[in-house]
Amino acid sequence: MAVVSLRNVSFSFGGRPLIEQADVQIERGERISLVGRNGAGKSTLMRLMLGELAPDTGIVERQSGIRVARQIQEVPTGPSGTIFDETAKGLGEIGPAVAAHYRLHRSTDALPDAERAELERLAHSLDPSQAWSWEHDVEQTLDKMQLPPHRLFSELSSGMKRRVLLAKSLVINPDLLLLDEPTNHLDLDAIRWLEDFLARFEGTLVFVTHDRMFLSKLATRIIEIDRGRLFDWTCNYPTFLQRKEDALAAEEQQQALFDKKLAQEEAWLRQGVKARRTRNEGRVRALLDLRRERQARRDKVGSVKVELHREAERSGSLVVQATKLTYQIEQRTILRDLTTTIVRGDKVGVIGPNGCGKTTLLRLLLGQLQPTSGTVRLGTRLETGYFDQLRAQLDDEESVIENVAHGQTMLEINGKRRHIIGYLEDFLFSPERSKTLVRFLSGGERNRLLLARLFAQPTNLLVLDEPTNDLDTETLELLESLLVEYPGTVLLVSHDRAFLNNVVTQTLVYEDDGVVKEYAGGYDDWLSQRASAAAQQSSAAADANPSVSRSSTPLNRSRGLSFKEQRELEQLPKQIESWEAEQATLHERMATVDFYQQGCAVIAAATQQVEELHQQLLKAYARWEELEARAGGDK
């Protein structure tokens, strides 16, 4: 039996249905991504699966006894308790009592009498043996998520808070886990950790994300919400993109034929009236049916039509030159001895963990902050446009129009005069929505509004601080193409790996203790160059120390390995070669079109096998490296 089934389900909030006559089954062990434009109904569909919303029509069936958990997009700001307290809330009504039991028996702090009495009252509402069992479940979950139980939730970064919310969802060991934008505001290390964790999750996973690399690595099946209808694509994300493109082309062709037939029938009707001939009433009824069908058609939602303002006067060849740039706050070094030169046309990405100082680096390079030591030289004729991740440039008490036009009704865009309403429609703001106060906009709408402000002014230097949050995939791809074609200079902070790969020409990467290193290319190029540099350092260290040189001691004379380990080292290359061949065969089979036309169970099993092989190879590589290092070299 399916974990969750939707049969002929429709749902609306009073207007046109968000979900219309949906039929879908979710099987155990699948990893499903819900895709669609902002506002298409992805979060609503998950709430229907969870049972938080009831459908207007149709049936939602959940397997008897199934445990379902959902992590929401928004990070709560109110909780003031510990990580353990917040995680225990995932147990439901007994959560506060379990947290009280834990604090009474595990806390080393002296508790005031009144607080102790309240904790004892809560803890005594549980059976002692069950309390210890539930407490153990919470501890196990926190250990698995690498979270310290006693730390205050309010002191955590956004990324760590999201990890706690995931622990809160996992504490009941759910059969079905629903995640809504789990990578939002996570840094790259946290995203990679989450990918690895979810790849090992044994339950059924349904998630919404606009992170294309995250989606590609995890999803084994895609459910698309488009104009109220659900489209089920049993394939991975790259295959989905190709099939979707083919389906849209076929739909456009079909609609063109339909519109042609409708026009012909309309012409026939007008001609019949003009000639005062007796009309074929059956044909008239068919025409009326065509009209109703055309009226009911829900055309493809428009895409953002962003057009960059004409470039400002061309900047000088030199944009920014930083020499031995250092910045400290009290005892903390945010930046240490950075020397870099940025010239006109460079697209520079800044990478680093949350809180390391990426925004501070941007402000230093722009001359907005005074460095502790070192110098920054700015080029000539710079016209800067700034995209602020905190959206502080927007006035919540002004309308969308007022935030962009500043009292004007006409804007000059790329040498042409545009009415403000028409310009905002290019960013998917209807005339009515354009008059809405900013405080009523969603996160995605706020980001589109910031882009509208940014592109309405002439610039030759764009500074974008986390521009990809809350943007749907189509808008992301359009923004990518615009930035690639932009003739000026771009400074970009982002945790979206695909976005970095597709846009930037070089990266500034935060490493340890405020050190920022420069690499050519995007995210994947940085990983490759970092791995190469690490290998060279390891080789140089081995050459400098003959006692651990690879060529210094024959393998069979090594004093660092036992006989059993020597045998293991001799056999590892053959084992790795065998696993690599098996992995290659699986990849070839999964790359064929026919593979994704098979049943969900077959696809899920093959995907799991690929993941297991990957993990085995990682362990084997690590073991091989360890044994070789201990042996002192190759034969």
Side-chain angles (χ1 to χ4, degrees), residues 1-74 169 172 174-182 203-210 215 218-235 237 240 243-244 247-248 251 292-293 295-301 442 444 472-474 596-597 599-601 603-604:
M1 178 182 176
V3 175
V4 176
S5 296
L6 280 71
R7 290 188 291 164
N8 200 31
V9 167
S10 295
F11 181 85
S12 72
F13 287 105
R16 175 171 280 186
L18 271 176
I19 309 294
E20 192 169 6
Q21 297 181 336
D23 289 285
V24 68
Q25 288 193 354
I26 296 175
E27 304 293 340
R28 186 174 295 278
E30 290 188 304
R31 296 202 298 264
I32 299 173
S33 178
L34 304 181
V35 302
R37 299 298 299 269
N38 287 339
K42 301 184 293 294
S43 297
T44 299
L45 181 58
M46 288 205 293
R47 293 178 67 190
L48 286 166
M49 293 178 184
L50 188 61
E52 287 184 358
L53 294 175
D56 298 334
T57 61
I59 298 172
V60 178
E61 290 183 338
R62 283 173 292 277
Q63 194 177 82
S64 177
I66 188 176
R67 297 183 300 275
V68 185
R70 173 175 175 246
Q71 179 186 336
I72 59 175
Q73 282 193 48
E74 299 78 18
S169 301
I172 61 171
D175 302 295
L176 173 61
L177 178 61
L178 308 173
L179 302 179
D180 200 348
E181 294 290 358
T204 303
L205 176 64
V206 177
F207 64 97
V208 173
T209 185
H210 293 137
L215 198 163
L218 284 178
T220 57
R221 178 182 169 196
I222 290 172
I223 294 177
E224 180 190 20
I225 305 177
D226 184 13
R227 291 161 280 177
R229 297 171 58 200
L230 263 60
F231 297 88
D232 197 342
W233 307 82
T234 306
C235 61
Y237 183 62
F240 157 75
R243 293 182 182 179
K244 176 65 176 175
L248 285 175
E251 180 184 10
R292 282 191 289 270
E293 184 178 344
Q295 186 177 12
R297 182 200 297 171
R298 297 176 68 168
D299 290 321
K300 183 178 183 293
V301 178
S442 67
D472 59 47
T473 303
E474 290 187 13
Y596 290 100
Q597 296 175 355
C600 296
I603 296 171

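Starting from 1, each residue takes its place in the sequence as its number. On a predicted model such as this, the values are computed, not experimentally measured, just so you know.
- Contact check on Glu52 versus Arg70 returns a salt bridge, with a Lys/Arg side-chain nitrogen under 4.0 Å from an Asp/Glu carboxylate oxygen.
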Notebook entry, point to check: Does the pair Gln21 and Arg229 meet the rule for a side chain to side chain donor-acceptor pair (under 3.5 Å), with working shown?
Noted result: CA-CA 7 Å; Gln21 297 181 336; Arg229 297 171 58 200; over 6 Å; no

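- The shortest non-hydrogen separation linking Ile225 to Leu18 is CG2-O, 4.3 Å.
- Not one N or O on the side chain of Glu20 forms a donor-acceptor pair closer than 3.5 Å with the backbone of Pro17.
- The two residues Gln25 and Ser5 have their closest heavy-atom pair at CG-OG, 3.7 Å.
- Inter-residue side-chain proximity for Val208 and Met46 is flagged as met; some heavy-atom pair is nearer than 4.5 Å.
- Side-chain contact between Val3 and Arg62: absent, with no pair of heavy atoms (C-beta onward) separated by less than 4.5 Å.
- Separating the CD1 atom in Ile59 from the CZ atom in Arg7 is a distance of 4.5 Å, to the nearest 0.5 Å.
- For the residue pair Asp180/Ser43, the side-chain donor-acceptor check at 3.5 Å is satisfied.
- A donor-acceptor pair under 3.5 Å links the side-chain atoms of Thr220 to the main chain of Arg31, judged by distance alone.
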Item checked: Verdict with reasoning, Val35 to Thr473, per side chain to side chain contact (heavy atoms under 4.5 Å, CB included) -> CA-CA 9 Å; Val35 302; Thr473 303; over 6 Å; no

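- Using modelled atom types, one side-chain atom of Lys42 and one backbone atom of Gly36 make a donor-acceptor pair closer than 3.5 Å.
- Rounding to the nearest 0.5 Å gives a distance of 4.0 Å between CZ of Phe13 and OG1 of Thr44.
- Interatomic distance, Thr204 OG1 to Leu177 CG, rounded to the nearest 0.5 Å: 9.5 Å.
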Next item on the list: Could you go through the side chain to side chain contact (heavy atoms under 4.5 Å, CB included) check for Ile26 and Val206 one step at a time?
Entry: CA-CA 9 Å; Ile26 296 175; Val206 177; 4.0 Å; yes

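- Between Pro55 and Leu48 there is a side-chain heavy-atom pair separated by less than 4.5 Å.
- With respect to the salt-bridge test (charged N to carboxylate O, under 4.0 angstrom), the residues Asp232 and Arg221 qualify.
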Next item on the list: Report the C-alpha distance between Val68 and Ile172 in whole Å, list the side-chain angles of each, state the deciding distance to 0.1 Å, and finish with yes or no for side chain to side chain contact (heavy atoms under 4.5 Å, CB included).
Entry: CA-CA 9 Å; Val68 185; Ile172 61 171; over 6 Å; no

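- Listed by chain and residue number, nothing satisfies the side-chain hydrogen bond (donor to acceptor under 3.5 Å, both in side chains) test with Arg67 (two or more places apart in sequence, or in another chain).
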Next item on the list: Go through Asp56 and Ser12 one step at a time and tell me if the side chain to side chain contact (heavy atoms under 4.5 Å, CB included) criterion holds.
Entry: CA-CA 7 Å; Asp56 298 334; Ser12 72; 3.4 Å; yes

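- Inter-residue side-chain proximity for Ile222 and Leu215 is flagged as met; some heavy-atom pair is nearer than 4.5 Å.
- The CZ atom of Phe11 sits 7.0 Å away from atom CZ of Arg47, with the distance rounded to the nearest 0.5 Å.
- Contact of the Met49 side chain with the Leu178 side chain is registered, since non-hydrogen atoms from C-beta on lie closer than 4.5 Å.
- Between Lys244 and Asp226 there is a salt bridge, with a side-chain nitrogen of the basic residue lying less than 4.0 Å from a carboxylate oxygen of the acidic one.
- With rounding to the nearest 0.5 angstrom, the CD atom of Glu224 is 4.0 Å from the CZ atom of Phe240.
- Rounded to the nearest 0.5 angstrom, Phe207 CZ and Ile32 CD1 are separated by 9.5 Å.
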